[in-house]
Protein chains: 2
Amino acid sequence: LATGDTHNLNIQQALLAQWESAITTQIQTHQLLSLPEQLILREQANTHGMSVGDGRVALAQLNLTPGCLAQNARKIWTVLQTAEALQLDLAVFSELSLMGYSPKDMILRFPFLANESLKWLDVLAQKTGQTHALVGFAEPNTTGTGKPYFNSVALIGQGKVQQIFRKTLLPSYNEFEDTRQFESWQYGTPVSTTWQENEKNTRVSSPVFELYGRRYGVLICEDMWQGHSPFKMPLYPSNPMDVVLSHHPDILVNCSASPSRQGKAEKRHRLCQFIAQQTGKPLLYVNQVGTLDEIAFDGASSVYTDTGECLVKAQSFQEDCRIIETDRLKCWHLHRQPTPVQPDSSLETSSSSSFLALGRADLPRAYAALLQGIRDYFKKTGFQRAVLGLSGGLDSSVTAVLLVDALGAENVAGFSMPSDLTPTQNRLDAQQLATHLGIHFCEVSIVDSLTIAHQNLASVCQAMDTCWPLRDAASNATENIQAITRATLLRQIGNTYKALPIATSDKSEFYLGYATVNGDMSGALAPLGDLCKTRVRELAKWLNQNRSSPDAIPEAVMSKPSGADLKRDVHTGKLVTAEDELMPYLFADEIIWRIEVLHQSYQEMLETPFWFEQENLVSNAKKEEWLQRFFKRMGASVFKWFVAPPVLMMDQGGSLAKSDYHHLITSQNIEWKGHSIEEMQAFINS
Amino acid sequence: LATGDTHNLNIQQALLAQWESAITTQIQTHQLLSLPEQLILREQANTHGMSVGDGRVALAQLNLTPGCLAQNARKIWTVLQTAEALQLDLAVFSELSLMGYSPKDMILRFPFLANESLKWLDVLAQKTGQTHALVGFAEPNTTGTGKPYFNSVALIGQGKVQQIFRKTLLPSYNEFEDTRQFESWQYGTPVSTTWQENEKNTRVSSPVFELYGRRYGVLICEDMWQGHSPFKMPLYPSNPMDVVLSHHPDILVNCSASPSRQGKAEKRHRLCQFIAQQTGKPLLYVNQVGTLDEIAFDGASSVYTDTGECLVKAQSFQEDCRIIETDRLKCWHLHRQPTPVQPDSSLETSSSSSFLALGRADLPRAYAALLQGIRDYFKKTGFQRAVLGLSGGLDSSVTAVLLVDALGAENVAGFSMPSDLTPTQNRLDAQQLATHLGIHFCEVSIVDSLTIAHQNLASVCQAMDTCWPLRDAASNATENIQAITRATLLRQIGNTYKALPIATSDKSEFYLGYATVNGDMSGALAPLGDLCKTRVRELAKWLNQNRSSPDAIPEAVMSKPSGADLKRDVHTGKLVTAEDELMPYLFADEIIWRIEVLHQSYQEMLETPFWFEQENLVSNAKKEEWLQRFFKRMGASVFKWFVAPPVLMMDQGGSLAKSDYHHLITSQNIEWKGHSIEEMQAFINS
């Protein structure tokens, strides 16, 4: 390159960076450019010799809300309008971007939403000029067979819809349910009509389009993942990548809505690298951002050269836009040697030690995902304020920190609601936490409420004991009423001040049913519902070390044993801790990990040593007792999962979030221990 | 036929009937036959010239529990052992009978369940002799591609697994989620291995098997429904029926697990008729029975002749067994002329009048389904007793009647929990209902609890008003606390006496969010959650007319306006009724019907007259006000659906049951009114 060229290049690079940040600001402020502003940008581009046809592409990751079409369309237009002014060739948006991914069954029950989105698509298309865009939308399936929609991407430009691309691989596992609403499309299927009935058989013939001399191959999310799903085998009979490649694209584009879970970003990165290397083609990867109920999308849209180098990576968990010069992504091998990449391998977990490693890993991402989850839930449901109970324990303390960082201290109020059982230390810890965080704080005794509740129950029992002579010896009414009384007060406060009460239960408690329905498990959202106790503890340490104001969580909270402070041991008079009643959390959490990640059976767990056993002497009888208790409690907890608030999905292997995992309440009596053939034969004849 | 033959035939018929009832008793009592009993049956059969090879087949509809393998296997063996003694050719069980349909994600997270069920299948197979059986099971997919399992049926007999059949059409809509766990199987796929690796490529080659000279074609549930799903178009690219027919079966067998909804039994009957007529082959249809959480299976297994006549129909909502002589089903056209059948047409609903007709239709089935739902939920979760609040209103009265009929009056306790707002009449009505039903009854005032709750809130507000100056003017804390206090007391009583508290909210209240979270919407089960208010009213009338002790629900309850008795009008001082606050239930329920059945948009509803408008003058402004209120409240209610207890699915078009319908809480701001193109253009530029 001549010096002059380098100079120009540097100026252009600087301009691109400047434009990227301008668009990102626009996205975040929802402001369109004024006409003069548009003209200035256009002139800037012209002055520096940049014009349509040069191969510049914008990758726009937006926080979209399924079904909120006007809002989504407006966001798309904000980017597109600027892209046009900048004389870019193309703006790429995420999967189903106009509708928002995923509309779930809403588009089945309310076909209005899909009809309306077609109108929006036309309105957007009509406004396009030379700059084109890839916009995702739910396309009515008019082929006469299959589910009512295709999960499609439209190429719009020059005032109209130019071409349509349809998703082939429809995931139907974990949080994915594409097969409920969408029909899979196989390129090469002879007859195909689009919803625009007058233009039959012309538009869905190829996954590749040519624009200003460059051929772009379009993949929609899962289309890139054949062979890399969480299952052992390839999930689908064919690989759409082969079809795309057979149409000789210069550049691959993937419009995605890929949820974030522990380790997922790294997995995705390796897959993108692998694909770019294997195909020798640059890859533009655009991902949705924002959390929808339980499911977080992390953005992190990326650009890979034809040797698999990641040149550009957008922000994670933020709306962002990047502009890339596609011509600079090719022939990268002339400059660099590729580093061979094996997809997925980094995330294989098989040894027990990785259970602990997993618990400590990925905390910055977890933190960002939690904040996005809380923020989006509040914003999209129209709330600003949160109330929660502060017990002086770990879960409520960590939850309070997260709420503060997501919503601002002024929007968080914590309540210490002691009973006679509450140790003074816990009240002080709660207060100290609140002081550290600068949140509103109030202590309200629930003693009077409990007295009345007990009186009422006693008067009922006087009558009922004659009707139903046998009381339940295992009744936990006395414990539950404490938790419910607290949750009730929080809900009243929430109602009064338009604040959402927040549930503080963690994933270990969910599995073990160690939380009270309508009590501490109730609330508008359960931020920690997919983090095991050991991981919450790691997160607490990380928060104390990494937040700008360190050590918000008092040392006493970090070190005290977990417990609900709901009852005393009848013999010792001491408060019963959670581990007294259940088992060591370290052990319980490893069971959860073995279930979700290793898919081990009861018997396999019994036979392989737990990490806990390395440092502690555990008899076989004790281990079996814990395993039995765990599985028994798990069976009885399914109802609690069923009525739980939304859980922010975090873990790699699985969660108890309703969008993620379906289990039957009525299957409580599964015999997890299993039977030998001999036992089976005997039982069948007994 | 000679007279002697007729005589023999009659005796054989009588014997069959006797045997059927013997097997049914066995199923219900879980008792195996003793060896002498087996010998007696065998001799009976021999004496009357009945032996293996004569073409007699048992259809066994069992109440199975997913994952509870020992229990399921034992039930299957009970039938199979007797079938062997009776020298039947074949016993047919329902879809996935050994595993129980549907195991949902449990078999993904716990592959142990599938492994264990293979052992059970072998144990059962080894015990078979000349009598064969079709047993459904989750077969590991060892083809190297796809989901981990096939939804399969094994033909077992002569001590081993003889052949395997796999489901082709996997439903993925409403309550169905087969695509999450199962891979579709196409007969004719060249290479196929079963999980029994040593016997490759031999066993899954044909959907037809020959047994004692008769060829049986095996369909698994949805395999029969191509073109008859709730969607407008055929859902699948091929029809497995064609494949089955190409293998020239003499008899069709369908192993099903087909959920019950309003009108479904009739629809299913017509489809079976249609298929038998179209193919000219007899059809044996076996369906699962029992309710799993929200989903009811109704049994009603049936046998159709080759002219589409329904010869045999097993009980609905009960375990049952029928024995059929397949040779008598053929050549039926020699005796009878077929009546042409159009599938589905009877259930097309398009006019507004059918909304009311639907509300009154099918009440006996609804009643039976509700009782089964309550019974199975209690039985399978290990409870016998129920507690509920009796407000003297319609919903709680109907719920009480259902609980009594499902569980027995001695297992039901009703509580009147008046506040200062509760009219005396309501207390009397509650008491009278309890007397009529003979249930335990107790009145407990919640006035003291409310006083304390208000005091606590007031003391919190004193502190909080300085932190958060603006209280929510629309706060319903005062109303909610009443409902929550009642639910809390019920939960305490439930804990104390090992009884399940039951939620009484109906579907209209679910849609309109007119129920309190942790309050009247909370409980272990919501029996009325899929019945609109107008339908609950119809059910109440039906109960009063058709139960053995009539008029259990007091007349005053039937006629009073619905209301939650939670607040007074500030001007009139009168209690605010539900319809004051919302809109006429008749109008709201028609909106629900138009959403679920007609899939109409806001605009379409505005433009077409409601039934309510025929008898009442409704201004356009008023109609629009109601529609807007409905959709706005619906959006804000999604969270309530998310944390609701299991809802017994009843309605034809759809429900708000979580197993049935997925909607996002964060999509609250959908603009249901939609926009004109001009509005869109303006908005995008604004």
Side-chain angles (χ1 to χ4, degrees), chain A residues 66-68 70 77 104-106 111-112 116 123 144-145 172-173 179-180 233-234 292-293 380-381 440 442 444 448-449 452 456-457 460 463 467-468 471-472 475 477 481 484 488 492-493 495-498 518 522 599 601 643 645 661-670 674 680-681 683-684, chain B residues 66-68 70 77 104-106 111-112 116 123 144-145 172-173 179-180 233-234 292-293 380-381 440 442 444 448-449 452 456-457 460 463 467-468 471-472 475 477 481 484 488-489 492-493 495-498 518 522 599 601 643 661-670 674 680-681 683-684:
Chain A
C68 296
W77 178 240
K104 296 180 169 258
D105 296 344
M106 298 190 290
F112 155 78
E116 190 82 352
V123 166
T145 309
S172 170
Y173 52 83
T179 55
R180 286 176 72 86
M233 307 181 290
L292 298 167
D293 294 10
K380 294 183 180 189
T381 57
H440 310 301
C442 192
V444 207
D448 290 349
S449 299
I452 293 284
N456 281 341
L457 182 61
V460 170
C467 309
W468 284 341
R471 291 201 196 178
D472 184 5
S475 167
I481 186 64
I484 295 176
T488 302
Q492 284 182 277
I493 302 168
N495 278 163
T496 307
Y497 294 98
K498 202 171 189 308
N518 291 9
S522 98
H599 299 305
S601 67
V643 297
Y661 179 66
H662 307 164
H663 194 114
L664 285 167
I665 301 169
T666 41
S667 288
Q668 304 218 334
N669 298 314
I670 290 175
M680 288 177 176
Q681 286 166 339
F683 178 81
I684 225 168
Chain B
C68 297
W77 178 240
K104 297 180 169 257
D105 297 343
M106 298 190 289
F112 155 78
E116 190 82 352
V123 165
T145 309
S172 172
Y173 52 83
T179 55
R180 286 176 71 85
M233 307 181 289
L292 298 168
D293 294 9
K380 293 183 181 189
T381 56
H440 309 302
C442 194
V444 208
D448 290 348
S449 299
I452 293 284
N456 281 341
L457 182 62
V460 169
C467 310
W468 284 341
R471 289 202 198 178
D472 185 5
S475 168
I481 186 64
I484 295 176
T488 303
L489 183 55
Q492 283 181 278
I493 302 168
N495 277 163
T496 308
Y497 294 99
K498 200 172 190 310
N518 291 9
S522 98
H599 301 303
S601 68
V643 298
Y661 179 66
H662 306 165
H663 195 114
L664 285 168
I665 301 169
T666 41
S667 288
Q668 304 218 333
N669 297 316
I670 290 175
M680 288 178 176
Q681 286 165 339
F683 179 80
I684 224 167

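Each chain gets a letter, A, B and so on, in the order the sequences are listed, and its residues count up from 1. Nothing here was measured: the structure is a model prediction, and the numbers come from that model.
With chain A as partner, the option from B:Asp293, B:Asn669, B:Ile452 having the largest number of non-hydrogen pairs under 4.5 angstrom is B:Asp293. Of the residues considered (B:Ser522, B:Pro111, B:Cys68, B:Pro234), B:Pro234 shows the highest number of contacts with chain A, using heavy-atom pairs under 4.5 Å. The candidate from B:Ile665, B:Val460, B:Val123 with the greatest count of non-hydrogen atom pairs under 4.5 Å with chain A is B:Ile665. Taking chain B as the reference chain and counting heavy-atom pairs below 4.5 Å, the highest number among A:His662, A:Gln668, A:Gln681 is found for A:His662. Counting heavy-atom pairs closer than 4.5 Å to chain B, the top residue among A:His599, A:Lys498, A:Arg180, A:Lys380 is A:Arg180. Of all the listed residues (B:Ile493, B:Val444, B:Leu457), the one sharing the greatest number of non-hydrogen pairs under 4.5 Å with chain A is B:Leu457.
Between A:Thr179 and B:Ser172 the shortest heavy-atom distance is OG1-OG, 2.9 Å. Annotation for A:Phe112 and B:Ser601: closest pair CB-CB, 3.7 Å, computed over non-hydrogen atoms. In terms of heavy atoms, B:Gln492 sits closest to A:Ala477 at O-CB, 3.8 Å.
Only the side chain of B:Ile484 comes within less than 4.5 Å of a heavy atom of chain A; its backbone N, CA, C and O stay farther away. Using a 4.5 Å cut-off between heavy atoms, A:Trp468 touches chain B through backbone and side chain atoms alike. At a 4.5 Å heavy-atom cutoff, the contact between A:Ile481 and chain B is made by side-chain atoms alone. Looking at A:Ala463, only its side chain comes within 4.5 Å of chain B, counting heavy atoms on both sides. Looking at A:Ile670, both its backbone and its side chain come within 4.5 Å of chain B, counting heavy atoms on both sides. Both the backbone and the side chain of A:Cys467 come within less than 4.5 Å of a heavy atom in chain B.
At a cut-off of 3.5 Å, with distance as the only test, no side-chain donor of A:Ser475 or B:Asn495 sits close to an acceptor on the other residue. Checked by atom type, the side-chain pair A:Thr488/B:Asn518 shows no donor-acceptor distance below 3.5 Å.
A 4.5 Å side-chain heavy-atom check between A:Asp105 and B:His663 finds every atom pair outside the cut-off. Using a 4.5 Å heavy-atom cutoff, the side chains of B:Lys104 and B:Pro66 are not in contact.
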Please evaluate residues B:Asn456 and A:Ser449 with respect to the criterion side chain to side chain donor-acceptor pair (under 3.5 Å), reporting the C-alpha separation (whole Å), side-chain torsions for both, the decisive distance (0.1 Å), and the verdict.
CA-CA 8 Å; B:Asn456 281 341; A:Ser449 299; 2.8 Å; yes
